Structures are given as structure tokens and as C-alpha cells.
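So the structure is just underneath, and the comments pick up after that.
In this text the structure is predicted, and so the values were computed from the model without any measurement. As a basis for the values below, the full set of heavy atoms in this structure was taken, side chains included, without hydrogen atoms, waters or symmetry mates.
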Amino acid sequence: MRWALWTSSVPKVIYPRPRLSLSLLTRSFSSTPCYNLTTTELFQQPGLANVQINPDRLWDTIHSTAKWTEPKNVPNDDITTAGLTRLTLSREDKQARDWFVETTKSLGCQVHVDQIGNIFAIRPGLKKENENIPATFAGSHLDSQPSGGRFDGVLGVAAGIEMLRVLNDNWIETEGPVGVVNWTNEEGAKYPISMMGSGVWSGRISLDDAWNTKSVTPGRPVTTVKQELERIGYLGALPANYEKGIPIGAHFELHIEQGPKLEKSGQKIGVVEGVQAYKWFTITVTGREAHAGTTDMANRFDAMHTAAQFMVEARAITRHEPGGGGLVTFGRLTASPGSVNTIAGKVEMSLDMRYPSDEGLATMVEKLYQLRDRLNNAGPEVEVREDFSSAAVRFSTEATRCVEEGAATVLGDGHEEKMQKMTSGAGHDSVCTNMHCPTAMIFVPSKDGVSHNPSEWTDKEDCATGANVLLQSVLRMDKLRKDRGDFE
């Protein structure tokens, strides 16, 4: 008896060991008779550990799920520029969530939804009777920016589901449970708290604060997170908490880089060692409304002019930091009363500040408040309110090592030249999971470094490479956790 193992386009013939019993040959979670091995056994067989994902299937998952997007005025059939608009807790987000639940259940997973709408799909391990063992998760998000791309977040979830399919196809039974998690509102676009779902789970954000957060989408009714969770049917009963809800044994996140480093260097994999610090602020400038034609320049309290001055000088703060590593972004701005011939009496705008270290960010923030005080002495009042803060993060050494070893297996000879260690400029759900379990991230190249844009793109080959590294990382962590007794 023999079976064909599809780890690439060419089938390899694998002969089962004589000691395998009939019961092992009919494991209930499996769909195709292939490896029939546990994770530990897999790594004991020379050459067998390099099990691979199906690139075509992964690519189809990424682009087929993009059909759940807000309709555009002009249809765009070019997948390289079509992008994705799937705001969290929207009708389109519900459709993607429903697909996630149905798909993972069909793959033998137990699916749980918590009070902030995080969805945990768990594939049982060898000790199925012990459901309290924390799973090793692949995680990311399915929501997008208002005019985003098809890969940000989606790649990580799609690759996690592909991981489950490969384990089933090849009859690989993990020592402990493994799973995929879809985190709620990672983007913070519709409800302005970044990494909301994972933040509530980790304890960084209170459930009440998250539930009561109001939407900020222009031209649409104001709703709260709890209202929308109820509306789409994803207000779960399970506590959204790392202790009382679903625990996580380890967390791996595959993501596009969203920057140019990997593409410029010609490398395939970024081993992410940490994430830089950042803070979000709301800046409010209050002046005095007046007639644009009858108020001379010397007697104006022009909120718009002061806001512009604030933006220019806040941006200049980055030039004074070591290496120019600071980042300042004004992403939203509204003016009142919003009339062409009326001097603005009030301006409100968002501010995102980032720096690789907590100390560097603290220096930038100190200068920001000095700028506020200086402008307040010269005209309209400037108020600075901090809305969100994320400290710099260093990921787990053992999880990062799993990624490095997995990348070495996938990339083969000369793997050292094909990958680089990196710090993420963007925040991710892994920032929150890192507080309570071993966590690491995997980056793949982004074309021209572009993200949060419809033209965001990562080649099919790079998506597959990243998904293979994710699979290898999870398998290595599963074996590591077995060896140290996590599943006893």
C-alpha cells in the first residue's frame, strides 16, 4: 500500500510504516490518506518535515474572499488595483466572518466567538479530551481600511486556513491544539481604537470602552461597537479575556510588510523581532467664526490657519530625532462651520506619532506639548488629547526562533541571504498577544512598499512562501510545547 503526498507540483510516494494500525489510518479529522503522522513523528522523518501549502488554493482564497467588499461606482476587474473596502462590523465584514466560521467548521474546528467578536477556530490535538490546553494560533484580521488592499490582514487569515487544510490533507495530527483567530477591528478605521479585539482580549482596553466606542465614518449614521456586534450576530457570550475566555499558547502572524525593505533588498522573508511605539491623538483648535470678507487679517482667530501651522511644526519634530526615525501623520481633519466665506471657528484632526523606541516617542510627545503651549500663547486655543498608546514591543525569542528555523527549511540553501530581521513600523494584533504568550511575526514583500491603498500587492509566490513559513513555525512551536510538557 502507498499514497501520493502532494507537497509540490510533483507527487512524492510515501510508504507507511508497518506499525501503523487501522485506527490510525482512519483518523476522523483527515480527508486524504497521506502522512498519517504526529508533529513529533514528522520531524523524525528526514525530508518529510518540509510539508508545503497549495499555492493555487491560497491565492484563490485571498481573492475569492475579496468579493465581500463595499460596491464601487465603477466595477474594477483588475485584481492588482481593485482593492478592498470591508470596514469592521459592516455587512461585508459579516459575510467574511460567516465564511470563516463555515470554512473552519468544515475542517473539523471548534469555533468560539467572544464578547468583542473575536472568532477562534480550534483544531483539536492528540489529547482531545483536554479542551483546556491553549492552542497555538495563526492569527490576523479580515477588516480593511476604507480604501484598502486585498492582502493586509487577509493574507494572515487565509494562510491560517490553508494551514488547517494542509494538516487535514496530509493526515498530520498535532500534539496540541492549533487554530486560526480572526481579530475584531484591527484597523481602527470605523471605530478609532487600533487592535481593538486583541486589545480587549489582552486587557489593554476595557470591554466597556470598546463596546461604547462610536463610529467616525463620514456621512454614515453614528453607531457603537456593541450595537453593530448585535446587528451582525457576532456579540458572543464568551468572555473577551485571555484568562476567562480563550487562552492562547502561542501566536504567529503572517503579514505583508507594508514597507519597501524586503522588495528593495530582494529578500523573501522578514523575521519580525518587534514593533515600534506609537500614540494616537485628537487635536482640537478653537478660534472664532467670522466673515471672510469683512474681518481684516490682524483681527482673525482663524482655527484653520493655526491648525495648518500646528501640522507643519509637528511634522518638523521628526527631523530632530536621532536618525530621523520619528513619524508624524495627520489622517483626518474636519472644520466648522465648513463654509467657503466663513473663517473656521473650530478644527479637529487626528495625529499618529511613531518611533522605534518608547524613549524616542516620549521625546517627540514632549515637543508636541511644547508646540501646543507656544501656539496657545499666540491665538486660537489648541487642545491635545491622547486617545491610544502602544509601547514598543520585543517578540518572544522562542517564537522568533521557530520562524527562523521554519524560514531556513522553506528557503533552503542560502536562506541567510533571503531573509532579514526587522522591526515593524505598523501595529498588529501580535502586539497584544505578546503580552500573554510567545508571539512572532512573518513579513513578505509589498510591491513598492504600498499598503492601505487599492494597489497594495504581494506576488503569489511570496504569499505561498510566507504561508509555508507560517505552517513550519506553528509545527515547530507545537513540537517545542510538547517537549517542554505543555500538553501533559
* Asked: Under the salt bridge (Lys or Arg N to Asp or Glu O under 4.0 Å) test, which residues partner Lys421, sequence neighbours left out?
  ->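 With sequence neighbours excluded, Lys421 shows a salt bridge (Lys or Arg N to Asp or Glu O under 4.0 Å) to Glu404, given in chain and number order.
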
* To do: Taking salt bridge (Lys or Arg N to Asp or Glu O under 4.0 Å) as the test, write out the residues that go with Asp462, two or more places apart.
  =>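 Counting only residues at least two positions away or on another chain, Asp462 forms a salt bridge (Lys or Arg N to Asp or Glu O under 4.0 Å) with Lys268.
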
* Crowded around Lys264 NZ? As in, over 12 foreign heavy atoms under 6.0 Å? -> no

* Asked: What do you reckon, is CD of Glu461 surrounded by more than 12 foreign heavy atoms closer than 6.0 Å?
  ->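 Check fails, neighbour count at 12 or below.
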
Is the backbone N or O of [Y] less than 3.5 Å from a side-chain atom of [X], with the two atoms forming a donor-acceptor pair by type?
X: Arg204; Y: Ser389; result: yes
X: Ser424; Y: Ala426; result: yes
X: Asp114; Y: Asn118; result: yes
X: Thr400; Y: Glu273; result: no

From [X] atom [atom1] to [Y] atom [atom2], the distance as rounded to the nearest 0.5 Å:
X: Asn170; Y: Leu42; atom1: CG; atom2: CG; result: 9.0 Å
X: Ile62; Y: Leu155; atom1: CD1; atom2: CG; result: 5.0 Å
X: Asp169; Y: Glu162; atom1: CG; atom2: CD; result: 7.5 Å
X: Phe281; Y: Leu368; atom1: CZ; atom2: CG; result: 5.5 Å
X: Glu398; Y: Arg476; atom1: CD; atom2: CZ; result: 14.5 Å
X: Ser106; Y: Leu164; atom1: OG; atom2: CG; result: 9.5 Å

Please tabulate, for the side chains in residues 432-444, all donor-acceptor contacts under 3.5 angstrom to protein atoms that are two or more places apart in sequence or on a different chain.
residue	atom	partner	partner atom	Å
Thr433	OG1	His251	ND1	3.4
Thr433	OG1	Ser430	O	3.2
Thr433	OG1	Thr439	OG1	3.0
Asn434	ND2	Arg394	O	3.1
His436	NE2	Ser202	O	2.7
Thr439	OG1	Asn434	N	3.3
Thr439	OG1	Cys437	O	3.1

Check whether any side-chain heavy atom of [X] sits under 4.5 Å from a side-chain heavy atom of [Y], and report yes or no.
X: Thr318; Y: Met364; answer: yes
X: Met311; Y: Leu333; answer: yes
X: Lys447; Y: Glu263; answer: yes
X: Phe100; Y: Ile161; answer: yes
X: Ile116; Y: Val225; answer: yes
X: Phe310; Y: Leu371; answer: yes
X: Tyr242; Y: Ile248; answer: no
X: Ser446; Y: Leu262; answer: no

I'd like to know if the side chain of [X] pairs up with that of [Y] as donor and acceptor (distance under 3.5 Å, no hydrogens or angles considered).
X: Arg481; Y: Thr136; result: yes
X: Trp211; Y: Asp209; result: no
X: Trp280; Y: Asp387; result: no
X: Thr80; Y: Asp78; result: yes
X: Arg165; Y: Thr61; result: yes
X: Arg86; Y: Thr69; result: no

* Centre of Tyr234's six-membered ring, under 6.0 Å away, within 45 degrees of the axis: is that where NZ or CZ of Arg97 sits? -> yes

* Identified side chain to side chain contact (heavy atoms under 4.5 Å, CB included) partner of Tyr191 from the options Val216, Leu89, Asn212 -> Leu89

* To do: Kindly write out the residues that satisfy ring pair (Phe, Tyr, Trp, His ring centres under 6.0 Å) with Phe137, not counting sequence neighbours, or none if the list is empty.
  => Phe120

Contact summary for [X] and [Y], nearest pair of heavy atoms:
X: Ile122; Y: Pro177; value: CG2-CB, 3.8 Å
X: Phe395; Y: Gly274; value: CD1-N, 3.7 Å
X: Ala159; Y: Leu254; value: CB-CD2, 3.6 Å
X: Val328; Y: Ala314; value: CG2-O, 3.7 Å
X: Met422; Y: Gly270; value: SD-CA, 3.6 Å

* Would Lys482 and Asp486 count as a salt bridge (Lys or Arg N to Asp or Glu O under 4.0 Å) if you check the C-alpha gap in whole Å, the side-chain angles of each, and the deciding distance to 0.1 Å? -> CA-CA 6 Å; Lys482 164 64 165 57; Asp486 282 12; over 6 Å; no

* Ion pair check, Arg354 and Asp352, cut-off under 4.0 Å ->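 Salt bridge present between Arg354 and Asp352.
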
* Could you walk me through whether Glu175 and Thr40 pass the side-chain hydrogen bond (donor to acceptor under 3.5 Å, both in side chains) check? -> CA-CA 7 Å; Glu175 303 287 351; Thr40 299; 2.6 Å; yes

* Start with the C-alpha distance between Ser140 and Glu253, add both sets of side-chain angles, then the distance that settles side-chain hydrogen bond (donor to acceptor under 3.5 Å, both in side chains), and finish with yes or no. => CA-CA 6 Å; Ser140 203; Glu253 185 169 8; 2.9 Å; yes

Would you mind writing out the side-chain donor-acceptor pairs for residues 410-418 within the sub-3.5 Å range, not counting sequence neighbours?
residue	atom	partner	partner atom	Å
His415	ND1	Gly412	O	3.2
Lys418	NZ	Leu411	O	3.0
Lys418	NZ	Asp413	O	3.1

* Take Glu228 and Lys190 through the salt bridge (Lys or Arg N to Asp or Glu O under 4.0 Å) test and state the conclusion after the steps. => CA-CA 11 Å; Glu228 292 294 80; Lys190 180 178 176 182; 3.2 Å; yes

* Could you walk me through whether Thr174 and Asp478 pass the side-chain hydrogen bond (donor to acceptor under 3.5 Å, both in side chains) test, one step at a time? => CA-CA 7 Å; Thr174 53; Asp478 181 59; 4.6 Å; no

* Asked: Passes side chain to side chain contact (heavy atoms under 4.5 Å, CB included), Ile232 versus Arg91? Steps please.
  -> CA-CA 7 Å; Ile232 69 170; Arg91 178 177 67 92; over 6 Å; no

* Please collect all side-chain hydrogen bond (donor to acceptor under 3.5 Å, both in side chains) contacts where either partner lies in residues 142-156, sequence neighbours excluded, each pair once. => His63-Arg150, His141-Asp143, His141-Asp152, Gln145-Glu187, Asp152-His255, Asp152-Gln258, Asp152-His452

* To do: Check step by step if side-chain hydrogen bond (donor to acceptor under 3.5 Å, both in side chains) holds for Ser198 and Asp429.
  => CA-CA 6 Å; Ser198 56; Asp429 292 308; 2.6 Å; yes

* How are the rings of Trp201 and Trp183 set relative to one another: parallel (under 30°), tilted (30 to 60°) or perpendicular (over 60°)? ->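 Aromatic pair Trp201/Trp183 classed perpendicular.
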
